[in-house]
Each structure stands twice: as C-alpha cells, then as structure tokens.
Amino acid sequence: MGRMSIPMVGFVVLCLWTVVVEGEYMKYKDPKQPVGSRIKDLMKRMTLEEKIGQMTQIERKVATPDVVKQNFIGSVLSGGGSVPAPKATAEVWTNMVDGIQKGALSTRLGIPMIYGIDAVHGHNNVYGATIFPHNVGLGVTRDPDLVKRIGAATALEVRATGIPYAFAPCIAVCRNPRWGRCYESYSEDYRIVKSMTEIIPGLQGDLAAKFKGVPYVGGKTKVAACAKHFVGDGGTMNGIDEGNTVISSNDLFSIHMPAYYDAIRKGVSTVMVSYSSWNGRRMHANRDLVTGFLKNKLKFRGFVISDWQGVDRITDPPHANYSYSLQSGIMAGIDMIMVPENYREFIDTLTSLVKANIVPMTRIDDAVKRILRVKFVMGLFENPLSDPSLAKQIGSQEHRDLAREAVRKSLVLLKNGKTPSQPLLPLAKRAPKILVAGAHADNLGYQCGGWTIEWQGVVGNDLTVGTTILAAIKKTVDPSTQVVYQQNPDANFVKSNGFSYAIVVVGEVPYAEMFGDSANLTIPEPGPSTINNVCGAVKCVVVVVSGRPVVVQPHLAKMDALVAAWLPGTEGQGVTDALFGDYGFTGKLARTWFKSVDQLPMNFDDSHNKDPLFHFGFGLTTKPVKGNY
Ligand code: BGC
Ligand code: BGC
C-alpha cells in the first residue's frame, strides 16, 4: 500500500466504519457495489414493516423525525404552500429536511427518506426563489435548450433547501383551455411537449448514452424528476380537472403518451399517476397502463408515485372503501403512495392486505426495489444531508437573468398596429408622459399565477422577491419620461392628460387545480373596462397575463397592439425587454387562440379548426432597436 495522508487514512476508516456495523459487512452501504447488488442485499434484510414504510409518503406537517423513525417512512413531501415557516430561509428549510432525515437515518437499517416538492416553475414554494414562466409560456419559446437550463437552475435552488426530488415536469397535453391546469402544459401539440422533456436532463443531469432508459440523477446538484400525470390528464371532457378522458386508444397513445417515451428514455426517475380517468376508469386503478404499459412495455424502472390522496379518489365519493381502493392502486402498480397525512391507516390497511394474501409479496418487493433503486442511483445513501454551500443559489442573479430570457422568448405578439403600416411596438423609451393601467401591471402574485408561495397563488407584491411589469417599465424608460400608473382610470382622465401612449396590463387572477376550471374564459372585471376606458382614449398596447388563451375578440378592434405574456413569474423585465425593443418578439403560439368558447375544444390538428382568432404557430415579430430613442 502506498503512503496515505492523515486525512486520507481518516476518510478510509470512516468509510469502513459505515459499511461494517458491529463486525458485519453491510454490502448495501458500500457505494463500490453495483446498484443491483446493493438492492438485493438490502431487500433481504428488510421486514414487511420496513418495506411498507418505504412505500409511504407523508406530508411535512405530520412528519416529525420521530414519526419518520417509528414508522420507517420512506418519503416526505411539501404540498402546495407547505413550508416550515413563512418566508423561510434556506437554513430554516435545510434544518427541517435534515432533521427529518436524521429520524430516517436512525432506524435499524438507516435507509434515507427522499423529500419531494412541487418545483413546477422554479422552486415555487420558497420565498426569494427565481420564479420562471409557467409551462404554457415555455412552450411558446420552442427552445428545449432554454428549458433544460431552467431545469438545471431549478435543481440547484431545490437542492439549496436540502430537497433532492421535484414533482416536475408536468407533461400534460392540454387539449381544452377550460382546464384549470392548462398553464402547467407546454402545448396542445404533443410534439412540443415531447421536446420540452429536455427539462428532465436539466433537473437530473445528462444520462450517458449507454444507460438509456434507466432512472438517473447526477449527484448533489441535481434532483430526481417526476413526469406527471400519467396519462391523459390534459384530455378530459370539457377540460374538467380530475375528469374523464373519453378518447380512443389511438388518440391516447398518439397524443398523450408520446412524451412519456422521451421522459423514460432520458432517465426520468419517477412517474406520477393522474387523478383523471380514461374512458370511465380511474388511472390510479389502471393496471393495464401502469403495469402493463409503463412498466412492462416501456420498461420504466424508476418508481410510480400516486397523486395526493389519489388512491382515495378511486371511489366516488373519495375514501368510500379505502381497503378496496388501496388494493386496486397497489395492484395497478403504484409503488409509492402520497398518503399524505393518515399514514397509520395506510400502513395498517396495506399490512392487512399483504397478510391476507390479497396483495402478493412480489408486488411489495417490486415497489420497494424501485424506490431503493432511485435512492441508490442518486447517491442518497452517501449524501443524505443538505449542502449549506448551495444556499446562495436561491434567487441568484444568474437564475433571474435566465428567467428574464425565458419571459421575453415566451411572449407572443398578436397584434401590432391598427394597420400593419402603423406599428405601435417597439415603444418609445423617451416620451414626455406615458400611462400604465390595469390590475396586473403592479402585482407580482398575478404575474406568477398558481403554485407560487401558496398552492392557489397569492395576490399582491409582498409574497416574494421580483420585479413587477410596472417596476420594469420604470427601469426601462428614459429618466425624462414620466410614468403615471392608475389601475382603472376613467376615460376623461386618460383623454385629458396628453399621454403619448398607454400600456394596459390585464388578465386572469391566480388559480390552481380544483379552482381553475372556467367555462366562459373571459377576462374578469375590471380588465375589460380598463381596456375600454384606456384604449378608447389613447394609443394602447394591451398585455394579457393569463394561464391560457382567453376571450379577447370583442376588445381587439380597440387595441393598437396585443401581447400574450402568459404567467411570466418574477422577472417582469423580460416583458419590457421586448415591449421597448431591446429584444425582438419571437414567440409563436403553442395553443390555438379561439374566438369564442363555443368553438372549444379546438386544437391545431382538429378537422373543424377552421376559424380561430389566432392560429396555432401565429406570432408577429419585431426587430430589436439599438440605443435609447
Ligand atoms: C397535484 C400534483 C402535485 C401534488 C403534490 C396534487 O394535488 O395534482 O401535481 O404534485 O398534489 O402537491
Ligand atoms: C395541498 C396540495 C395538494 C392538494 C390536493 C392541498 O391541500 O397543499 O399540495 O395538491 O391539497 O388536493
């Protein structure tokens, strides 16, 4: 043996100590062993209780270190808005996650728990994190590399809070904008959704070609990803959330399934099952698709996770017959159950089902092997605790610049000038006096939408750190330009003030699942009256902040210009970058923009798609202009 330095000797001794406990060589703890051998070794040591514990995911509200220890809990999550304290710092987060982890590590076998969170447009539950545009805007960019970089930035911010697992991306193909989760979908076109699975190697790291199709997470600065919601979530009848997708298997496989092939090929670690049904059958109970197709046919080797109380919702009303639901869900092939609170009931019920030979041990073993595979592959056994040096990643300037780039590329210019020869955009930076109007101009919460700080989103500017569109306008115009802001000015005020032009920012108010379905898709008041009052009196550009196309046709003639900004997130300067010509508009609609809701559903590939207001792929362009003018 060559000469070793003192610290090196110390390191080797430490490694030996952790893999050799009381004289016994613990093969599963040895990172030099192949993953398969580690799984096998650990599996043969585990009791039924420990195995069922691995399959249990509980909410942080009930996850004390002791509960995790006593019940051998395998996973903990933060639900939407579930944080250790309001405006918690990275340190508060890592203390909580590490504390829970220490509970898991203190069990007999010391299997680390995996903590998961919805980081669906950046690390969106966390104060001060960079909030990227929601997927509906990212689809517009047609830029998979950009989305990959967003994944990498998000992974760093998530890891900064000690968390190694994100419930993202949502690869739904939203086929009806009435659906309140349409903004979580990149496009109505599955080809765009497929290309945006590049966010997976962004989040997890690049899978080496020889490993194609196995779950992969490239170490401490990457996170396990989750392709959701399997499958057909975006195809429900009338766009009803958690509804019924009534389509042929040909349509299911050609529209809603393709992105799963890409996700798996790129090494996605987990797949979340959809609340929705396919032709009347709950996906959480669909053994043909979860086991038959996803696991057997596509050879997915990571773990399948249920949605929040997704198993309970197999029956209507939910939880009407838990034992039956659990049996159906587990036998369908779900490996980890997002319980999330009543873990005793889950553990006891599943234990009885196994003891009664209703759920075979082979099914439990399949589930646990998959969960352990992901934990081993990602290095969780070697690095179960947080890395404090990552704290500075949260909301870093580099990530904010990336988000700003994404915002400007996600804008779609739908109209520019009452006639093409009189374009209003790019706007002049140097003008004596301009008007900014609309409730969405100065509201960071509106700009971010649902799944931001709170589950359903927040109203106002105090929720987190960011730049509103109004603040961005003030930063962009010439210092000599007077910026007047009124939310909903009356027409006389607008007429009598000699404004050079107006920027009107209106749209939807935040919503998320269960509360976002809309039958009429109109812009809520005072949006339409603000458009009327302002655009009738002065040249105006209207910026619509919304999670989907909304009814604009009745107002269109009054507007000089119209921009769809979707849900841009914290970096409002991405909007002004294009409005004022520092960059050109490049975005192309990734959704069909309807005239009236009677046309819905209307998608680019429907035979009856004859008369949209703006067709799929539409988007005017402008050229960047140099200097201050
Ligand atoms: C949503 C999922 C989410 C989960 C955890 C569910 O209600 O459908 O998308 O990942 O909650 O918050
Ligand atoms: C949680 C969400 C979850 C939802 C499901 C909420 O209370 O915060 O994360 O998705 O319930 O119904």
Side-chain angles (χ1 to χ4, degrees), residues 56-63 75-83 114-126 134-136 154 158 161 163-174 179-186 193 199-200 203 223-236 239-243 245 256 259-260 263 268-277 282-284 302-314 318-319 329 334-343 449-457 511-517 547:
T56 315
Q57 184 180 62
I58 64 175
E59 221 288 332
R60 54 157 286 283
K61 290 191 206 91
V62 299
S75 183
V76 176
L77 90 149
S78 273
S82 181
V83 300
I114 181 169
Y115 196 107
I117 194 161
D118 294 289
V120 298
H121 60 144
H123 198 3
N124 49 69
N125 288 296
V126 173
H134 268 298
N135 291 351
V136 66
T154 302
V158 171
T161 55
I163 299 176
Y165 178 21
F167 305 131
C170 176
I171 54 172
V173 181
C174 171
W179 187 33
R181 304 188 77 164
C182 204
Y183 65 79
E184 296 185 60
S185 165
Y186 295 106
V193 178
I199 196 165
I200 293 168
L203 289 162
V223 298
C226 179
K228 70 186 188 185
H229 309 81
F230 186 80
V231 59
D233 49 351
T236 61
I240 289 169
D241 191 34
E242 304 187 19
T245 298
H256 300 278
Y260 284 93
V268 76
S269 295
T270 77
V271 170
M272 189 185 293
V273 181
S274 180
Y275 285 131
S276 58
S277 302
R282 285 271 170 218
M283 276 307 304
H284 276 74
F303 67 79
V304 174
I305 185 168
S306 82
D307 205 335
W308 173 288
Q309 291 176 341
V311 163
D312 311 56
R313 296 184 201 176
I314 286 174
H319 209 79
I334 300 170
D335 304 310
M336 182 181 280
I337 306 297
M338 192 183 286
V339 174
E341 289 186 16
N342 202 348
Y343 55 88
W451 294 108
T452 312
I453 303 299
E454 295 287 348
W455 180 36
Q456 295 293 323
Y511 53 81
E513 49 168 344
M514 297 167 78
F515 298 94
D517 293 354

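Just follow the structure's listing: the first ligand is 1, and inside any ligand the first atom is 1. All heavy atoms count here, side chains included; hydrogens, waters and symmetry mates do not.
- Annotation for ligand 1: atoms under 4.0 Å from non-hydrogen atoms of M272 are 2 (C), 10 (O).
- Near K228, meaning under 4.0 Å from any of its heavy atoms, are these atoms of ligand 1: 2 (C), 3 (C), 9 (O), 10 (O).
- If you look at Y115 and Y165, their ring centroids are not closer than 6.0 Å.
- Close approach of ligand 1 to D307 (heavy-atom distance below 4.0 Å) involves ligand atoms 1 (C), 2 (C), 3 (C), 4 (C), 6 (C), 7 (O), 8 (O), 11 (O).
- Each of the following atoms of ligand 1 lies closer than 4.0 Å to a heavy atom of W308: 6 (C), 7 (O), 11 (O).
- Heavy-atom separations between E184 and ligand 1 are all 4.0 Å or longer.
- For the side chain to side chain contact (heavy atoms under 4.5 Å, CB included) with H123, the lone residue among V223, I163, D118 that qualifies is I163.
- Applying the side chain to side chain donor-acceptor pair (under 3.5 Å) criterion to S306, with sequence neighbours excluded, gives no partner residue.
- Residue R181 places a heavy atom less than 4.0 Å from ligand 1.
- Close N/O approach between W451 and ligand 1 is not found [any backbone or side-chain N/O within under 3.5 Å].
- The closest side-chain donor-acceptor pair between D517 and W179, if any, does not fall under 3.5 angstrom.
- Remark: N135 engages no residue in a side chain to side chain donor-acceptor pair (under 3.5 Å) (not counting sequence neighbours).
- Judged by the shortest distance from any of its heavy atoms, Y275 lies inside the 4.0 Å radius around the atoms of ligand 1.
- Residue-ligand proximity: H229 is placed with a non-hydrogen atom under 4.0 Å from ligand 1.
- Between D307 atom CG and M283 atom CE the span is 12.0 Å, to the nearest 0.5 Å.
- A side chain to side chain donor-acceptor pair (under 3.5 Å) with W451 holds for exactly one of H121, Q456, E184; it is E184.
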